Amino acid sequence: VPQENIRNFSIIAHIDHGKSTLADRIIQECGAVSDRQMSAQVMDTMDIEKERGITIKAQSVRLDYIKDGEHYILNLIDTPGHVDFSYEVSRSLASCEGALLIVDAAQGVEAQTIANVYIAIENDLELLPVVNKIDLPAADPDRVLSELEEAIGIDATEHALVSAKTGQGVPELIDMIVERIPAPKGDINAPTKALIYDSWFDNYLGALALVRVFEGKIEKGQKIKIMGTKEEHQVLDLMYPNPIKPVKTNEISTGEVGLVVTGLKTVEALQVGDTITDAKNPTAEAIGGFEPAKPFVFAGIYPIETDKFEDLRDALNKLKLNDSSLSFEPESSMALGSGFRTGFLGMLHMEVIKERLEREFNLELIATAPTVVYKVKKTDGEEIEIQNPSELPEPQKIDTIYEPYVKATILTPQEYVGNLIKLLNDRRGIQIKMDYLNETRVLMEYDIPMNEIVMDFYDKLKSTTKGYASFDYEPIGFRPGNLVKLDIRVAGEVVDSLSIIVPEDKARTRGLAFVGQLKELIPRQLFEVAIQASIGNNVIARSNVKSMGKNVTAKCYGGDITRKRKLLEKQKAGKKRMKAIGKVQVPQEAFMAVLKLD
Ligand code: GDP
Ligand code: MG
């Protein structure tokens, strides 16, 4: 197929607007998958992805399409559906010439629609507005189209109206893709230049890179060089992507996408955003915008049973084979023993990793509250990065603490604007923009410390707006903050894994709230337990957990032995999720309590 008959495109959508359903429908329409194989949603593969209905790893599929006797190749390039993976979204979009901008005909434009469109515009993509779910009684395509023009300022005169559910409008949409999305440019005779936009580990094939070739071609047997890491490897095999059955090929040429099989044992050398070129005849310049995966959120992960530390290390190493953005280092906590300080791209990434460690490796874990990365300029001029609040230097050694900020995009029905402004002010947000999309819906943009988003922001946003607001964010760099470390003492001892970094003017309220929560969470012990919050040696809040006094089984009298046994079993089960801090049993929930302090 000649280069001018190739179309590379992605689908951009807010969650639940129908991206996966439409992708499946397009795949089916092109006849790449039989109806029987079309078990719901070919494009989402991992179990956790299916359960949560989100896409974490991008999938792609190469489709054949015949129009007026002309053979076209349509490469549908999937993008991860969550903000944690925004860099990977940007690399997937950089591999395309166009994108379908899907909006739910009943819901209208949402925050993720806008955030993704910004990335698409940065990558000069041709955007095709697609209004989906026109079969719904509440569908209002005209309103949606005017929102697109208002919110994003794109021209929506030419658009598609489809139902991914019934298939209505989908053949016309495919024609539109062929007509409107430009063919890939690039010189097939130039040295190899390809962008890695996804990579993963396959048990049979080893590390795989999913690439878009921009110049020249990649051939089977070729010695390639990965420009960021400067490593050289041989191409063992090449395949065109297909979620059910990849098709082998001997070369992938300019404008095409494909899977490169290297036989490597980990994906570390095949980082998303890196450029592949020819080892002997390299291209002059790598494709711009490469950033090695950088964790934004850190948490301590500890096995509940201390002898499981090595098992946890093995499990993390196994997950790392397939996820170069996961980072971990051994750490020991006085309270929790030996574990790992683990770095994640964001909150969802963290949840997914923790869940996989527990599910796939059978580990019982305690995770400390997540924290963002802080940069600290010390009075002696040294600059350090803090991934754990307990590492913060003494106050007199600190010149400035810098904290990461994000740009938050929020879309809300107008009746919640007042409450949202209050919430955002409370979270130290700075208003950048507030636009009415129409009489009923408002677009708000705020710069806000990422720390405030890690702290239970999403749930708060949902409850403030009865679930009607949508939210997305993008990191925008570090800014100075007036911050202090708040320590928690249990029975007089500082519990290092409970320390948090908070804005100075909120230290007292947060300290009171934290102590109050811990009082509820820590069960009564045989003795009274004092719980205090302090800044340095200055105690700012305190509370006591009263002693339990009597044995809990005492009131079961003699007779009812089964009831007694049940109670003991229940106690034992409860204990499993506890961690002993000194003599005090502290439940897992206590370590996350800090996330709900207002
Ligand atoms: P994604 O999160 O963007 O991938 O959205 P999905 O494809 O998973 O779709 C979300 C929900 O909307 C699912 O329950 C789909 O069955 C439903 N859906 C998708 N497209 C349509 C459509 O055209 N009409 C109707 N009525 N429902 C749809
Ligand atoms: Mg989906």
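Values below: every heavy atom of this structure, side chains too, minus hydrogens, waters and symmetry copies. Counting convention: from 1, in listed order, for ligands and their atoms alike. These figures come from a predicted structure and were not determined experimentally.
- Geometrically, ligand 1 and Leu22 share no nitrogen or oxygen pair separated by less than 3.5 Å.
- Stacking of Arg212 on the aromatic ring of Phe214 is recorded, both the 6.0 Å distance cut-off and the 45° axial limit being met.
- Asn75 and Asn8 share a donor-acceptor pair across their side chains, judged by distance under 3.5 Å alone.
- The backbone N or O of Ala286 lies less than 3.5 Å from no partner atom in the side chain of Thr275, so there is not a single donor-acceptor pair.
- In this structure, Asn132 contributes its side chain and His17 its backbone to a donor-acceptor pair below 3.5 Å.
- Of all the heavy atoms of Asn132, the ones lying under 4.0 Å from any atom of ligand 1 belong exclusively to the side chain.
- Within the structure, every pair that satisfies the side-chain hydrogen bond (donor to acceptor under 3.5 Å, both in side chains) test and touches residues 111-124, not counting sequence neighbours, is listed here: Tyr118-Glu445.
- Within the listing of ligand 1, atoms 1 (P), 3 (O), 5 (O), 6 (P), 7 (O), 9 (O), 19 (C) sit less than 4.0 angstrom from a heavy atom of Gly18.
- Heavy-atom proximity to atom 17 (C) of ligand 1, evaluated over Lys133, Gln168, Lys165, Gln112, is greatest for Lys133.
- Between Glu97 and Arg7 there is no salt bridge, since no side-chain nitrogen of the basic residue lies less than 4.0 Å from a carboxylate oxygen of the acidic one.
- Among Asp78, Asp16, Asp24, the residue whose heavy atom lies nearest to atom 2 (O) of ligand 1 is Asp16.
- Contacts of Lys19 with ligand 1, taken as heavy-atom pairs under 4.0 Å, involve both backbone and side chain.
- The atoms of ligand 1 that sit less than 4.0 Å from any heavy atom of Ser20 are 1 (P), 4 (O), 7 (O).
- Remark: ligand 1 and Leu136 share no N or O pair separated by less than 3.5 Å (distance only, no angle test).
- In this structure Tyr240 satisfies the ring pair (Phe, Tyr, Trp, His ring centres under 6.0 Å) test with no other residue, sequence neighbours excluded.
- Using a 4.0 Å cut-off between heavy atoms, Asp135 contacts ligand 1 through its side chain alone, with no backbone atom that close.
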